[in-house]
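Note: hydrogens, waters and symmetry copies are ignored here, and every other heavy atom, side chains too, is used. Letters A, B, ... mirror the listed sequences (proteins, then strands); counts begin at 1.
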Number of protein chains: 2
Amino acid sequence: MPTSPPADPPAARQRVQMADIARAAGVSKATVSRALSDSPLVSDETRARIRALAKSLRYTINLEARNLRRKDSRTVGVVLPFDSDTRRHLNDPFFLGMLGAVADALTVRGYDMLLTRVDAQQTDCAAQPFDTGRAIGIILIGQWRQHAQLNDLAARGVPIVAWGAQLPQQRYTTVGGDNVSGGMLATAHLIAGGRRRIAFFGDINLPEVAQRYRGYCNALAQHALPVDPQLRVSVPFVPGGGAQAVQELVRRAVGFDAIFACSDLLAMEAINTLRGQDRLVPRDVGVVGYDDIVLAAYYHPPLSTIRQPIGAAGELLVTSLLALVDGAQAPSVHLPTELIVRASAA
Amino acid sequence: MPTSPPADPPAARQRVQMADIARAAGVSKATVSRALSDSPLVSDETRARIRALAKSLRYTINLEARNLRRKDSRTVGVVLPFDSDTRRHLNDPFFLGMLGAVADALTVRGYDMLLTRVDAQQTDCAAQPFDTGRAIGIILIGQWRQHAQLNDLAARGVPIVAWGAQLPQQRYTTVGGDNVSGGMLATAHLIAGGRRRIAFFGDINLPEVAQRYRGYCNALAQHALPVDPQLRVSVPFVPGGGAQAVQELVRRAVGFDAIFACSDLLAMEAINTLRGQDRLVPRDVGVVGYDDIVLAAYYHPPLSTIRQPIGAAGELLVTSLLALVDGAQAPSVHLPTELIVRASAA
DNA sequence: GTGAAAGCGCTAACAT
DNA sequence: ATGTTAGCGCTTTCAC
């Protein structure tokens, strides 16, 4: 035994393994393996005996070893961006919610989830859980700017699905909300409430936000309202962004009677800031947010917003990835978005 | 080659592996292994050559194989309860936030996280990631009622750390907030604001809530105020719970001028419900919540609450677990809680 | 400094 | 129906 250590390492090596069961049962490892995986090649009596033994010895199969041998596993990699510049901390309610939805969808199907955070700039690291053989594929949650790098990964054959907008010449699969119609719904709702000067809060360098802006413009056009570039404030998704955006609007001295904010957090910050300026929502300014995070309903005034179907998204991200892993196609999908009417834009 | 399949399986087996690098470099696998793990046993020249080759071939070591051989890994299991009765969906902002904090703490230390959801009743499944050799230890996030089962796991030698209250005769490590002082801080703050009839919203069957209730009673006693059992409403942590609790109070026809709610969500629901009854917060009723979730500051009125130090908790859960894995002791810890004064209890 | 070979804990031909 | 044996992709003695 060349590799056996002189003594038991610290407290390890207590773990009972298949050979122990085999010895105790007086059979070979192969039989134990078969019994434990319900192979028809083993007699009912033996199977029962072995299973009982395994249970009483608290044996659980070593999955890493099995995976190595079978070249397969039931683990999918979920990667979240780690935006080194902006918020260090993973606390965005929407993405966290999405994470929960994906976790649920995986659990239901008997898959585990290996969660990693990678620098949003270093997208090539995203495939690491796959490359290192720990995951059968990758689900990306968050805002990923590196379109080209994701294309490379897909081209390399990494099964990968991302949450986000569908882009031209995209070789990877995305699952996203229908941002254009989301933007239209929000804007049309504000217009229907009699608002005419609708500000847009969001960074249109992000593909999803750009699409929402397109929807916003469409809705204005449909009602023969002008698109005033002064009303668009490019605000990053960081705490305090909503307050800044309102102040920017004030600084520009453009009149506005409504805001369409590209996240609920942004909307709430904006409402708070407006309140500080004695402009009440919805009386003086109508506001519509985006995402319908849990807290939107709890807010005062309850926030009208565009719901992204987070549960369906989790399911679809998972089923698409599993399809990809099976070598099948997985078309990119736009999930329908929905206007949730509450009080903030009445 | 008895096990080699007739043809390449679907699209797999493309993966370049160590033997490929060895062949290409004209050395043995052993040398490649050494070069890639910075062993001093290999010449600088060879190392450089091999590393370059590996990079150009996009080789990444297969971690599962390495782990199997080395009997060690850098993955920790994080398990979240899956409360089959109440909320199916993983969307509690506080636990999700905690999950984020743990993810960050692990990332910083170069560990990965294997996330699983298990039925809150079946706590013994919680050790599965460990038992199956996929994780070196387990971090439990959420409300775990099965004290005894967790003790069993710890007794079995599973390195395990849970978020939660410290209980008598506890053999596993917990990291938790200081709930007694949290309860006192909240209650004392309400008393200081002139409130005398303070309702308590929470299910004292949960250890953490029980401790908060103790703090509540302490604070009342310190100010020579009576503890009225009619003012305690046992409310589960489910959506709609806050509204129910307020209605229950009304049904009981007990007067109250303040509420201490055991979660921010509960507090917000309560405030909304009160508003529907034309009782304004803080004018008519003072409210203090618990957790200080991100949205507490955004709420209107901004919610006074007890902050649980979620970032520190994530760090501590991780360092404690890693200590345990190293065979060291990891004492249970109470993290200090903090009163965040905003407007809801002025 | 490098290679040969054994083996981590399991599975799957191939025997019997 | 069960046992034997040869690996999965890697690391690590041990020998040179």
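Heavy-atom distances under 4.0 Å link DNA chain C to B:Thr46 of residues 46-66 of chain B, given in residue order.
A straight line from CZ of A:Arg134 to C1' of D:dC10 spans 14 Å, rounded to a whole angstrom. Between the CZ atom of B:Arg70 and the C1' atom of D:dG9 there is a distance of 13 Å, given to the nearest Å. Taking atom CG on B:Leu36 and atom P on C:dT2, their separation rounds to 14 Å, with Å as the unit. For the pair B:Asp38 CG and D:dT11 C1', the computed distance is 15 Å after rounding to whole Å. Whole-Å rounding puts the A:Arg69 CZ to D:dG9 C1' distance at 12 Å. Nucleotide C:dT16 holds its C1' atom 12 Å from the CZ atom of A:Arg34, rounded to whole Å. The CE atom of B:Met18 sits 13 Å away from the P atom of C:dG3 (whole-angstrom rounding). Here D:dC14 presents its P atom at 14 Å from CG of B:Leu41, a figure rounded to the nearest Å.
Counting only N and O atoms by type, the side chains of A:Gln170 and A:Ser332 include a donor and acceptor under 3.5 Å apart. Of the N and O atoms on the side chains of B:Arg66 and A:Thr132, not one donor lies less than 3.5 Å from an acceptor on the other residue.
No option in A:Leu317, A:Val318, A:Asp112, A:Ile139 other than A:Ile139 meets the side chain to side chain contact (heavy atoms under 4.5 Å, CB included) test with A:Val76.
Counting non-hydrogen atoms under 4.0 angstrom, A:Thr31 reaches the backbone sugars and phosphates but no base.
Of the charged side-chain nitrogens involved, at least one lies within less than 4.0 Å of a carboxylate oxygen, so that A:Asp38 and A:Arg51 count as a salt-bridged pair. Note on B:Arg109 versus B:Glu315: salt bridge recorded, some NZ/NE/NH1/NH2 to OD/OE distance being below 4.0 Å.
Nearest heavy atoms, B:Gly142 versus B:Phe95: CA-CE2, 3.5 Å. Contact detail for B:Ala25 and B:Ile50: the closest heavy-atom pair is CB-CG1, 4.3 Å. Shortest non-hydrogen contact noted between A:Pro159 and A:Phe130 is CD-CE1, 3.4 Å.
Of the candidate nucleotides D:dC10, D:dG3, C:dT11, D:dC10 has the atom nearest to the side chain of B:Gln17. Side chain of B:Lys71, nearest nucleotide from C:dC8, D:dT2, C:dT2: C:dC8. Closest contact between the side chain of A:Ala30 and the listed nucleotides C:dG1, C:dA12, C:dG3 involves C:dA12. Nearest to the side-chain atoms of B:Ser28 among the listed nucleotides C:dA12, D:dC10, C:dG3 stands C:dG3.
OP1 or OP2 of C:dT11 lies within a sub-4.0 Å distance of a side-chain N or O belonging to A:Ser33.
Sorted by first and then second residue, the pairs that involve residues 154-167 of chain B and meet salt bridge (charged side-chain N to carboxylate O under 4.0 Å, His left out), not counting sequence neighbours, are B:Asp131-B:Arg156.
The overall bend of the helix from C:dG1-D:dC16 to C:dT16-D:dA1, read as the angle between its terminal helix axes built from five base pairs each, is 40° when rounded to 10 degrees.
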